[in-house]
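Nothing here was measured: the structure is a model prediction, and the numbers come from that model.
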Amino acid sequence: MDEPQARDDICRVGRSLFERGYVHATAGNISVRLADGYLITPTDACLGTLQPERLARLDAQGQQVAGDRASKTIALHRQIYEASASTAAPARCVIHTHSTHLVGCSLQADTAAGGQLAPDAQLLPPITPYFVMKVGRVPHIPYHRPGDPAAAALVAQTITRYATQGSPVRAVMLARLGPNVWHDTPAAAMAVLEELEETARLWLLCQPRPTPLSEPQIEQLRQTFGAQW
């Protein structure tokens, strides 16, 4: 993807997410990895009113060279780009939101764990085939303050661990904060987010909680559709 297209796509996807309620106020951010650096939405920018020429431009070392001041989340995004590069799910675009149902699921799980999520915690079980196929496992990262470098390091370690185990991931959930999802383009990353948020909504709506798909059912999705779970 060339830079002009990336700028337009970031603004188009940001507006779509804002208008449909996936983000609110100035929450959330979007970045794209270019051949020689990065684009990312500016700090405290509303995703619904982004302007292509004002997106922050950074070089390959993460130093800003143009545009409005970059979101501090670029440190986390860069860790995701680097950690995922050698996996079966490399990132070319990262989207972070505070989507309501996903944060609701995180609040419930983190509260139930007494604020001490297990190292192998996952946000949601495999309750629908499209969640398994389009999203995959979503590690639930223990709470850190926004922008904490320790969270970025833990996310990178988690991506590497899952890839080593044969289950590359396209999303992580930062406890009490929101998801980070990634794919080849802003549109593809948005599709991952949409499926993930819909699964979280179903999980919260269903009482009693739905049972997960069985291992034989998941294996069918692996064999038929190449699902990575």
Side-chain angles (χ1 to χ4, degrees), residues 1-20 22-23 26-99 102 134-136 138 146-147 149 151-152 155-156 158-160 163 168-174 177-197:
M1 180 187 305
D2 62 29
E3 185 170 335
Q5 180 183 350
R7 287 178 179 273
D8 288 343
D9 285 359
I10 288 172
C11 295
R12 178 178 56 80
V13 165
R15 182 170 60 252
S16 176
L17 292 173
F18 182 82
E19 291 176 348
R20 292 182 295 138
Y22 286 89
V23 294
T26 59
N29 42 71
I30 305 171
S31 72
V32 165
R33 188 174 195 174
L34 303 169
D36 59 351
Y38 308 88
L39 290 171
I40 191 167
T41 50
T43 188
D44 292 330
C46 172
L47 295 193
T49 58
L50 296 171
Q51 299 174 44
E53 67 277 8
R54 297 186 63 176
L55 298 178
R57 178 66 155 90
L58 292 82
D59 64 19
Q61 288 70 48
Q63 298 301 308
Q64 185 156 355
V65 296
D68 291 354
R69 184 161 62 93
S71 168
K72 63 181 177 297
T73 313
I74 187 60
L76 170 58
H77 287 212
R78 290 185 68 213
Q79 291 268 25
I80 292 172
Y81 288 122
E82 293 303 320
S84 68
S86 60
T87 76
R92 298 300 299 181
C93 171
V94 178
I95 298 177
H96 168 62
T97 70
H98 300 174
S99 301
L102 285 163
K134 301 297 185 181
V135 182
V138 181
V155 166
T158 300
I159 292 170
T160 300
V169 295
R170 286 204 181 276
V172 296
M173 182 71 190
L174 304 180
L177 184 59
N180 282 269
V181 304
W182 56 91
H183 213 295
D184 299 332
T185 66
M190 178 169 63
V192 174
L193 174 67
E194 290 167 336
E195 191 66 43
L196 179 52
E197 170 70 359

Least distance between heavy atoms, [X] atom then [Y] atom:
| X | Y | result |
| --- | --- | --- |
| Ala156 | Gln79 | CB-OE1, 3.6 Å |
| His77 | Ile40 | ND1-CD1, 4.1 Å |
| Leu177 | His98 | O-CD2, 3.4 Å |
| Ser16 | Met190 | OG-SD, 3.9 Å |
| Ala171 | Leu196 | CB-CD2, 4.1 Å |
| Leu50 | Ala45 | CD2-CB, 3.9 Å |

Check: Glu197 side chain, Leu102 main-chain N or O, donor-acceptor pair, under 3.5 Å: yes
Check: Trp182 side chain, Ala89 main-chain N or O, donor-acceptor pair, under 3.5 Å: yes
Would you say [X] and [Y] make side-chain contact, with heavy atoms under 4.5 Å?
| X | Y | answer |
| --- | --- | --- |
| Pro179 | Val138 | no |
| Leu76 | Leu174 | yes |
| Asn29 | Ile74 | no |
| Leu193 | Leu17 | yes |

Results of side chain to side chain donor-acceptor pair (under 3.5 Å) for Thr41 - residues two or more places apart only: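 Not a single residue meets the side chain to side chain donor-acceptor pair (under 3.5 Å) criterion with Thr41.
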Contacts of Ser84 that satisfy side chain to side chain donor-acceptor pair (under 3.5 Å) - sequence neighbours left out: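 Here no residue qualifies.
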Sequence neighbours excluded - salt bridge (charged side-chain N to carboxylate O under 4.0 Å, His left out) pairs with any residue from residues 42-53: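 As it turns out, there is no salt bridge (charged side-chain N to carboxylate O under 4.0 Å, His left out) pair with a partner in residues 42-53 once direct neighbours are skipped.
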Sequence neighbours excluded - salt bridge (charged side-chain N to carboxylate O under 4.0 Å, His left out) pairs with any residue from residues 70-91: Arg33-Glu82
Test side chain to side chain contact (heavy atoms under 4.5 Å, CB included) applied to Ala187 - qualifying residues, sequence neighbours left out: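 In terms of side chain to side chain contact (heavy atoms under 4.5 Å, CB included), with neighbours along the sequence ignored, Ala187 is linked to Arg12, Thr185.
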Residue list, side chain to side chain contact (heavy atoms under 4.5 Å, CB included) with Thr49, at least two apart or on another chain: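 In terms of side chain to side chain contact (heavy atoms under 4.5 Å, CB included), with neighbours along the sequence ignored, Thr49 is linked to Cys46.
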Interatomic spacing from [atom1] in [X] to [atom2] in [Y] - rounded to 0.5 Å:
| X | Y | atom1 | atom2 | result |
| --- | --- | --- | --- | --- |
| Cys93 | His183 | SG | NE2 | 10.5 Å |
| Phe18 | Thr26 | CZ | OG1 | 10.0 Å |
| Tyr22 | Ile95 | OH | CD1 | 11.0 Å |
| Ser31 | Leu58 | OG | CG | 9.5 Å |

Sequence neighbours excluded - ring pair (Phe, Tyr, Trp, His ring centres under 6.0 Å) pairs with any residue from residues 26-73: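 Residue pairs with at least one partner in residues 26-73: Tyr38-Tyr81.
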Selection residues 42-69 - residue pairs positive for ring pair (Phe, Tyr, Trp, His ring centres under 6.0 Å), sequence neighbours left out: none
Side chain to side chain donor-acceptor pair (under 3.5 Å) assessment of His96 paired with Thr73: CA-CA 9 Å; His96 168 62; Thr73 313; 5.8 Å; no
Pairs involving residues 56-70, ordered by first then second residue, that meet side chain to side chain donor-acceptor pair (under 3.5 Å) (sequence neighbours left out): Glu3-Arg57, Asp36-Arg57, Arg54-Asp68
Sequence neighbours excluded, every pair satisfying side chain to side chain donor-acceptor pair (under 3.5 Å) that has a member inside residues 86-95: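 Residue pairs passing side chain to side chain donor-acceptor pair (under 3.5 Å), neighbours aside: none found.
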Those residues that, when tested against Glu195, pass salt bridge (Lys or Arg N to Asp or Glu O under 4.0 Å) (two or more places apart): none
Counterpart residues, salt bridge (Lys or Arg N to Asp or Glu O under 4.0 Å), relative to Arg15 (two or more places apart):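 If we apply the salt bridge (Lys or Arg N to Asp or Glu O under 4.0 Å) test to Arg15, skipping adjacent residues, there are no hits.
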